[in-house]
Amino acid sequence: MSLPTTIVSNITRPYVKFSPSVWGNRFIQYADYELTDITENMKNQIQIQKEEVRKIFQSSSNSISQKLNIIDSLQRLGISYHFEREIDEILEKIQDTFTTNIVTIEEGGLHFCALAFRLLRQKGHHISSDIFKNFKNNMGSFDEKVVKDVQGMWSLYEAAHLKIHGEDILDEALVFTHAHLNSKINTNQLSPFLDAQIRQCLRKPLHKGIPRLETRSYISSYEEDPSHSKVLLNFAKLDFNMLQKMHQKELANITKWWKESDFPTKVPYARDRVVEAYFWSLAMSFEQKSITSRKIGGKLIACISLLDDTYDNYGTVEELELFTQAIERWDFSLIQSLPDCMKVVFNTIVGLWAEIEVSLLENNEKSNFVLEYIKKAFYRLAQAYLVESKWGKDNFIPTYDDYKLNGIVSSTIPLSTISFIGLGEFSSKELLEWIFRDPKIINAVSAIGRLADDVSSHKFEQQREHVASAVECCMKQYNMSPEDAYKLINKDIEIGWMDINKECLELDFIPKSVLECMVNVARVTEFTYEDYKDKYTNGELLKDHIIALLIDPIRIEQHE
Ligand SMILES: CC(C)=CCC/C(C)=C/COP(=O)(O)OP(=O)(O)O
Ligand SMILES: [Mg+2]
Ligand SMILES: [Mg+2]
Ligand SMILES: [Mg+2]
């Protein structure tokens with residue numbers, strides 16, 4: 001029987017050659033050192049300092065307002081995850097007493113009101129935004145007295161980003177605070193700490209920031225605040241550095257896998273972005289408890305990247321039809337006739353799936369359902385990629401709505417979320433079934449992913465034969481300029497955020513950390529593709545953030 005031979009394809013493949021990795025094997029060095037000795041000492045230190053923080057936090061002398069400020073500091077310093085139960089208790093109590101009549105325009109009233117509103121909404125309490133009517137004058141606009149209260153305006157600006165549909169008062173608050181805060185910076189009217197915070201929030205509101213990046217930046221500026229708590233600061237630095245060592249080790253193992261697989265040689269048409277892929281999984285959850293999700297997640301996203309470039313930048317439609325069938329049936333024999341590089345991608349996906357199987361067995365989890373959902377999600381993604389390849393080949397520009405429908409899946413977010421949560425502490429058949437049915441929050445996060453990606457990468461992608469992006473679909477359907485298409489798409493992204501905010505208030509049967517992971521996917525997407533740049537494909541643009549999170553520890557003065 002003659003063995004199936006690889007058809008020597010005389011197809012010209014004008015594929016794009018992506019820039020090489022910024023990092024190479026830079027992170028492999030972290031694979032060797034043992035976490036135990038280094039963090040043993042750190043862990044003891046952390047336990048001691050954690051109890052110090054708890055004492056401050058639970059001191060009975062704290063007023064409600066002081067308690068809220070401490071909770072805000074713990075969250076911004078990235079250490080609130082150590083005190084979730086205590087924080088929930090305090091917020092439950094405040095929620096009961098927090099009614100519209102206890103807040104006034106008195107000094108500090110707006111800050112207290114906006115901070116309580118944001119902290120309670122973040123925890124899923126549906127606090128009405130009507131409370132902010134207390135800060136309006138009888139003409140119905142925000143009272144000029146508020147303008148003097150910079151901290152209050154800052155808190156109102158941050159709170160307004162939790163808006164849901166129909167909250168006009170929060171739209172007004174955004175416009176009002178943005179304008180007045182903008183006019184305050186660069187005027188020496190603010191302390192260096194407050195000036196830095198206002199600049200930061202105008203660049204990136206806290207609600208839309210990636211938690212680890214927000215924490216890294218806040219720890220540095222919190223130190224500048226003369227009234228900062230040394231105990232909180234020191235604990236935050238220690239905790240950040242301890243977690244960083246864990247993250248470095250995770251990335252080292254993923255980098256070793258990537259290096260041994262030699263993808264840059266075997267899959268030359270694909271991006272070499274394993275560090276950037278890990279950054280995404282770190283953004284989804286930095287906590288120790290999510291270590292399995294991150295380790296697999298980093299590899300999974302790197303695999304998705306190889307798959308995307310195989311459909312976008314290499315395979316012919318005929319080859320991709322076969323490839324998609326092979327994924328549907330999980331059957332390598334179907335692709336014997338395909339180029340070796342495509343076989344490597346297929347085997348990598350199957351190999352990762354087998355690694356997930358082993359990882360689940362090691363945790364003696366009876367969770368074959370996770371494997372089945374990941375397989376199905378991979379096939380859904382490949383199908384969506386195939387649809388785009390066919391549209392690209394035929395130069396077909398679908399309607400914006402048809403494009404978005406397929407784009408929800410091709411955003412890769414349903415698959416990456418299913419896998420991350422499927423390997424997490426709340427994994428269950430019911431939860432994965434719910435996610436697999438594309439609930440509204442998944443649709444919203446995926447729409448943001450698809451649209452934000454397109455607004456920043458379409459110019460580069462349209463240089464080759466690539467499916468029309470959301471921008472081209474908009475331009476054609478509504479006969480508009482690229483600029484107007486960006487406006488319409490950015491409006492859709494804002495609608496996506498209001499959907500997310502609303503769902504987080506409704507989905508009280510979903511664990512908070514699962515919702516937080518989904519919100520983090522929207523955050524890392526917006527961050528990756530903001531300002532019309534693509535920080536994933538252009539690794540240079542992510543370099544400083546990778547250094548801050550995964551290379552430079554935070555300096556801790558010995559006397560501290
Ligand atoms: C969840 C993440 C970060 C996945 C990493 C791989 C990927 C598909 C990134 C988007 O690249 P792209 O802009 O080429 O995607 P598309 O071809 O869909 O526009
Ligand atoms: Mg692509
Ligand atoms: Mg693609
Ligand atoms: Mg793109």
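Positions are given from 1, in the same order as the sequence printed here. We count ligands from 1, going down the list as the structure has it; atoms in each ligand are counted the same way. The shown structure was predicted, so the numbers you read here are calculated from the model rather than taken from an experiment. In what follows, every heavy atom counts, from backbone to side chain, and hydrogens, waters and symmetry copies are set aside.
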At the Mg ion (ligand 4): angle between S457 atom OG and D453 atom OD1, to 10 degrees: 70°
Salt-bridge contact R523-E516 (side-chain N to carboxylate O under 4.0 Å): yes
Cationic N near anionic O, under 4.0 Å, K343 to D340: yes
D308 near the Mg ion (ligand 3): N/O/S under 2.8 Å: yes
W257 ring center within less than 6.0 Å of F263 ring center: yes
Ring centers of Y532, Y486 separated by less than 6.0 Å: yes
Among the N, O or S atoms of D312, the one nearest the Mg ion (ligand 2): OD2
Minimum-distance atom from the Mg ion (ligand 4) among N, O or S atoms of E461: OE2
